[in-house]
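Fair warning: this is a prediction, and the values are worked out from it, not measured in the lab. Along the sequence shown, the residues carry numbers beginning at 1. Below, each value reflects all heavy atoms present in this structure, side chains not excepted, and no hydrogens, waters or symmetry copies.
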Amino acid sequence: AFSPAFAEDQAIFVATESGVYRSPNAGRAWRPLELGDAEYTVQSLALSPEFGTDRTLFAGTETNGLFRSTNGGTAWTEVNEGLTDLSVNWIVLSPGFHQDQTVYAATSSGVHRSTNAGDSWEKLTDLSALTLALTVGSNGAIVLFAGQAQGGLTRSDDGGATWVLENQGLSGRLVVGLWVSPKVATDQTMFTTSLDQGVEKSVDSGVTWAQANAGLPTLQIPTLAMSPNFAEDQTLFVGCSTGLFTSNDAGASWSIVSGESAPVDVRAIALSPSFAADATIFVTTSDNRILRSTDGGASWQPTNKQVDQQEIVAITCAPGYDEDHVLFVGTYSLDPREGTGVGSVYRGDEAGDKMTIQTTYHTGNKWIAFGFPDTYPDNGMYFVGVHNSVLRPMTPSVSADGFSRKRLWKAEGVAPLNGSVVALSVSAGYADDRTVFAGTSHGVYKSVSGGLSWRPIDGKLKQRSI
């Protein structure tokens, strides 16, 4: 937060997980400000419009409510009387704070108002607000906007006394995956998972959608896996914080997979291409373990080789898994020397029991995508999407016994430097047409040269970010 009098005082304040820091010289030097005897995680800051003269600012903490300073941050006072939730997400001050002393605080339990500079608070609404914005209407009344995690935008034209939804034209769906039936040409079936609507299903190739969450304990569903024989067995799996759930009726109902040592907090799922015959499932969990079941989820074992101290962000079985028992794993970690993100690709032979690192690539995000052409069984070549690029090995993927650190990879930038490749799709006739598609944060790109060059094909996409 910049001082309203920044041109004169050069003061900047920042909120961190270890408290508030202040710079008196436009960010050239910083020092911590003590809110109290303990260390507080600060989520929000707000300065008086007249900070240059009244030196007043507020700090909202994660678990300890609000603190106020009237001397530029040197000393602080806890001001929580009447505040029903001590996790303060956002603070805004009236433009006339110097006269009306009005402050608003957004919490997950509602929006609160103080008309005496925080000495006491009243709850205005039960809206779970993550953020607040304030302006003054043409009639002089305070106009508030509250942003909610799943409710969109809510507006008050009377200083918080009444509220109405203002979501027309907004699209904030947190869709994280799309899955298409192997026989979509005939059954027209597709599924999406999201972090706010759970599983949704379409049976008309995406024209209309309906929720398919019966039996699921949450609407935060980060991952889904569809049986390779879905058209016949109607089998699906989804992972969530509670565990692994399965459906045998195309999503009409779900039940938890409760076998021996069943996984919890599932982040990613991979099914063997021959799942109908070998019943093999791999899952990754929030503690970054890889678990394997060879009986459809009745029992589970961790793979003998785990990927230590790295976050697993992708897992997939090789197209010929039924013969070679190879899977591929994508991970994310921080380089301790440079402090930058690193995406790594591992090959897991012997059903994941023997892990071999294949390549690493500096990245600013946690997305890794795999794509396998129909030529993979012949030459072992595949595609990896990481950061803004698509990589492919210059020599075939090999097992641990034949691993050489001198193997070369070719990387081609697809999206802009600040972009992310989040999905890859390889043409079913790649051997002939050399076509690959990449879904990115900046739109869809196409290569007809086996990934050597790319061009955007956004067409009429209203939302470029994939």
Chemist: Determine whether a donor-acceptor pair (N or O, by modelled atom type, separation under 3.5 Å) exists between the side chain of Ser156 and the backbone of Thr162.
Modeler: yes
Chemist: Parallel, tilted or perpendicular, judged at 30° and 60°: which one describes the rings of Phe328 and Phe372?
Modeler: tilted
Chemist: Answer yes if the side chains of Ser241 and Asp265 hold a donor-acceptor pair under 3.5 Å, and no otherwise.
Modeler: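 Asp265 and Ser241 do not have a side-chain donor-acceptor pair below 3.5 Å.
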Chemist: CH2 of Trp90: more than 12 outside heavy atoms within 6.0 angstrom?
Modeler: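 Count not over threshold, so no.
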Chemist: Does either side chain, that of Asn25 or that of Ser23, offer a donor lying less than 3.5 Å from an acceptor on the other one?
Modeler: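 Distance-only check passes for Asn25 and Ser23.
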Chemist: Taking atom types as modelled and ignoring hydrogens, do the side chains of Thr107 and Ser109 form a donor-acceptor contact shorter than 3.5 angstrom?
Modeler: no
Chemist: Considering only NZ, NE, NH1 and NH2 on the basic side and carboxylate oxygens on the acidic side, decide whether Asp85 and Lys123 come within less than 4.0 Å.
Modeler: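 Here Asp85 does not pair with Lys123 in a salt bridge, since their nearest N and O are not under 4.0 Å apart.
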Chemist: Flag yes if more than 12 heavy atoms outside Glu232 fall under 6.0 Å of its CD atom; otherwise flag no.
Modeler: yes
Chemist: For the CD atom of Gln197 and the CH2 atom of Trp209, what is their distance to the nearest 0.5 Å?
Modeler: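 Going from CD on Gln197 over to CH2 on Trp209, the span is 13.0 Å.
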Chemist: For a side-chain contact (heavy atoms from CB on, under 4.5 Å) with Ser227, tell me which candidate from Leu236, Thr235, Asn248 qualifies.
Modeler: Thr235
Chemist: Kindly indicate, with the supporting measurements, whether the criterion side-chain contact (heavy atoms from CB on, under 4.5 Å) is fulfilled by Thr435 and Lys446.
Modeler: CA-CA 7 Å; Thr435 299; Lys446 178 181 180 181; 3.9 Å; yes
Chemist: Do Asn365 and Ser420 get their side chains close enough for a donor-acceptor pair, meaning under 3.5 Å?
Modeler: yes
Chemist: Can you label the angle between the Phe6 ring and the Phe2 ring as parallel, tilted or perpendicular, going by 30° and 60°?
Modeler: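 The rings of Phe6 and Phe2 stand perpendicular, inter-plane angle above 60°.
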Chemist: With rounding to the nearest 0.5 Å, note down the distance linking CG in Leu271 to OG1 in Thr280.
Modeler: 9.5 Å
Chemist: Parallel, tilted or perpendicular: which one describes the rings of Tyr382 and Trp409, with boundaries at 30° and 60°?
Modeler: perpendicular
Chemist: Using a distance-only test with no angle check, is there a side-chain donor-acceptor pair under 3.5 angstrom linking Gln310 and Thr331?
Modeler: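 Distance-only check passes for Gln310 and Thr331.
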Chemist: Within the supplied structure, the quantity of interest is the number of heavy atoms (other residues, nucleotides, ligands) at a distance under 6.0 Å from Lys305 NZ; does it exceed 12?
Modeler: no
Chemist: Do Asn388 side-chain atoms and Gly419 backbone N/O form a donor-acceptor pair below 3.5 Å?
Modeler: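 It does not hold such a pair.
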Chemist: From the options Trp179, Phe275, Trp254, Phe245, select the one residue that forms a ring pair (Phe, Tyr, Trp, His ring centres under 6.0 Å) with Phe237.
Modeler: Phe275
Chemist: Do the rings of Tyr430 and Phe383 sit parallel, tilted or perpendicular, given the 30° and 60° boundaries?
Modeler: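 Judged by the thresholds at 30° and 60°, the geometry between Tyr430 and Phe383 is perpendicular.
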